[in-house]
Amino acid sequence: QVQLVESGGGLVQAGGSLRLSCAASGRTFSSYRMGWFRQAPGKKREFVAAISRSGGSTYYGDSVKGRFTVSRDNAKNTVSLQMNSLKPEDTAVYYCAADHLGGSIRAYYQDYEYEYWGQGTQVTVSS
């Protein structure tokens with residue numbers, strides 16, 4: 001099992017930046033694909049970004065491509081999401097998730113493929 005704890009959320013003006021971090025417990029962090037999802041009030045959970053076990057491959061949702069960057073440090077058991085050029089529509093609760101079993105590229109994008117989830121961190125972007 002793995003436990004995930006997000007941090008770094010907050011209030012920022014449009015055009016600003018935030019960096020989210022997710023700390024994972026356990027000694028097998030490098031065996032997990034990691035993803036970031038977000039959920040705004042009244043909306044479905046949305047895929048934001050994901051990164052492969054080695055960190056060599058990354059995937060992004062269309063709405064964040066070119067603005068967000070996902071990275072991981074397997075030595076420190078952390079995954080990060082650098083968010084630049086933030087927009088009011090980025091306002092949501094952001095969740096870190098871990099997938100141990102996934103094998104296909106398609107699986108990165110599906111929230112039901114992820115077995116473990118953090119508690120979420122609020123990001124609010126003011127206009």
Side-chain angles (χ1 to χ4, degrees):
Q1 280 193 343
V2 63
Q3 291 184 325
L4 306 171
V5 179
E6 301 98 334
S7 61
L11 173 64
V12 64
Q13 288 188 331
S17 298
L18 278 176
R19 185 177 181 87
L20 304 183
S21 293
C22 175
S25 65
R27 295 176 291 178
T28 59
F29 177 70
S30 60
S31 69
Y32 291 86
R33 296 178 160 189
M34 299 300 297
W36 286 96
F37 291 78
R38 66 187 183 187
Q39 188 165 22
K43 294 188 176 181
K44 292 182 179 180
R45 189 156 52 189
E46 176 188 14
F47 171 77
V48 175
I51 189 166
S52 63
R53 294 175 177 89
S54 68
S57 297
T58 56
Y59 306 87
Y60 297 94
D62 289 341
S63 61
V64 307
K65 279 180 183 176
R67 300 188 298 123
F68 290 12
T69 302
V70 61
S71 61
R72 69 188 295 165
D73 185 336
N74 285 343
K76 296 182 178 179
N77 284 14
T78 58
V79 60
S80 299
L81 185 68
Q82 178 66 42
M83 306 186 295
N84 298 329
S85 302
L86 283 160
K87 305 175 181 180
E89 50 264 44
D90 294 319
T91 295
V93 177
Y94 284 71
Y95 297 92
C96 169
D99 171 20
H100 186 53
L101 302 175
S104 69
I105 291 177
R106 184 171 181 268
Y108 281 106
Y109 296 84
Q110 308 298 328
D111 58 357
Y112 55 79
E113 294 283 354
Y114 292 80
E115 297 94 33
Y116 304 102
W117 292 79
Q119 82 289 350
T121 185
Q122 177 70 47
V123 171
T124 303
V125 184
S126 63
S127 57

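Note: hydrogens, waters and symmetry copies are ignored here, and every other heavy atom, side chains too, is used. Computed from a predicted model, the values in this text were never measured in an experiment.
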| said: As a quick check of understanding, evaluate side-chain contact (heavy atoms from CB on, under 4.5 Å) for Leu86 and Phe68, giving each step before the final call. | reply: CA-CA 9 Å; Leu86 283 160; Phe68 290 12; 3.8 Å; yes
| Flag if over 12 foreign heavy atoms under 6.0 Å of CD, Glu115 |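 For Glu115, atom CD is crowded (more than 12 foreign heavy atoms under 6.0 Å).
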If we count only N and O atoms by modelled type, under 3.5 Å, do the side chains of [X] and [Y] hold a donor and an acceptor together?
X      : Y     : value
Asn84  : Ser17 : yes
Ser127 : Gln13 : no
Thr121 : Arg38 : no

| message | Applying a strict under-4.5 Å side-chain criterion to I, L, V, M, F, W and Y, I'd like to know whether Ile51 and Val2 cluster together. | response | yes
| said: Count I, L, V, M, F, W, Y as connected when their side-chain heavy atoms are under 4.5 Å apart, and connections chain through other members. Are Leu81 and Tyr95 then in the same cluster? | reply: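 No.
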Are the side chain of [X] and the backbone of [Y] linked by a donor-acceptor contact shorter than 3.5 Å?
X      : Y      : value
Asp99  : Ala107 : no
Tyr108 : Phe47  : no
Ser25  : Gln3   : yes
Arg19  : Gln82  : no

| task | Begin with the C-alpha distance, continue with both residues' side-chain angles, and end with the deciding distance and a verdict on side-chain contact (heavy atoms from CB on, under 4.5 Å) for Leu4 and Met34. | result | CA-CA 10 Å; Leu4 306 171; Met34 299 300 297; 4.0 Å; yes
To the nearest 0.5 Å, what is the distance between [atom1] on [X] and [atom2] on [Y]?
X      : Y      : atom1 : atom2 : answer
Tyr59  : Arg33  : OH    : CZ    : 6.5 Å
Ser30  : Asp73  : OG    : CG    : 11.5 Å
Leu11  : Thr91  : CG    : OG1   : 8.5 Å
Glu113 : Ser104 : CD    : OG    : 6.0 Å
Leu101 : Ser31  : CG    : OG    : 9.5 Å
Gln39  : Lys43  : CD    : NZ    : 11.0 Å

| message | Between Glu6 and Leu20, is the side-chain contact (heavy atoms from CB on, under 4.5 Å) condition met? List the steps. | response | CA-CA 7 Å; Glu6 301 98 334; Leu20 304 183; over 6 Å; no
| query | Is the closest basic N to carboxylate O distance between Lys65 and Asp62 below 4.0 Å? | reply | yes
| request: Start with the C-alpha gap between Asp90 and Arg67, add the side-chain angles, then the distance that decides, and say whether side-chain contact (heavy atoms from CB on, under 4.5 Å) holds. | output: CA-CA 11 Å; Asp90 294 319; Arg67 300 188 298 123; 2.7 Å; yes
| message | For Trp117, does the six-membered ring have the charged nitrogen or CZ of Arg45 within the cation-pi criterion, i.e. under 6.0 angstrom from the centroid and within 45° of the normal? | response |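 Yes, Arg45 lies over the aromatic ring of Trp117.
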| query | Is the NZ or CZ atom of Arg53 both under 6.0 Å from the centre of the six-membered ring of Tyr32 and within 45° of that ring's axis? | reply |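 Not satisfied by the 6.0 Å and 45° rule.
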| said: Using the side-chain contact (heavy atoms from CB on, under 4.5 Å) definition, which of the options Tyr114, Phe37, Trp36, Tyr116 pairs with Cys96? | reply: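 Single pass found, and it is Trp36.
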| Ala49 versus Tyr60, closest heavy-atom pair with distance | CB-CD2, 3.7 Å
| Less than 4.5 Å apart, any side-chain heavy atom of Thr78 and any of Ser21? | no
| request: In sequence, state the C-alpha distance, the side-chain angles, and the governing distance for Glu46 and Ser63, and then conclude on side chain to side chain donor-acceptor pair (under 3.5 Å). | output: CA-CA 10 Å; Glu46 176 188 14; Ser63 61; 3.1 Å; yes
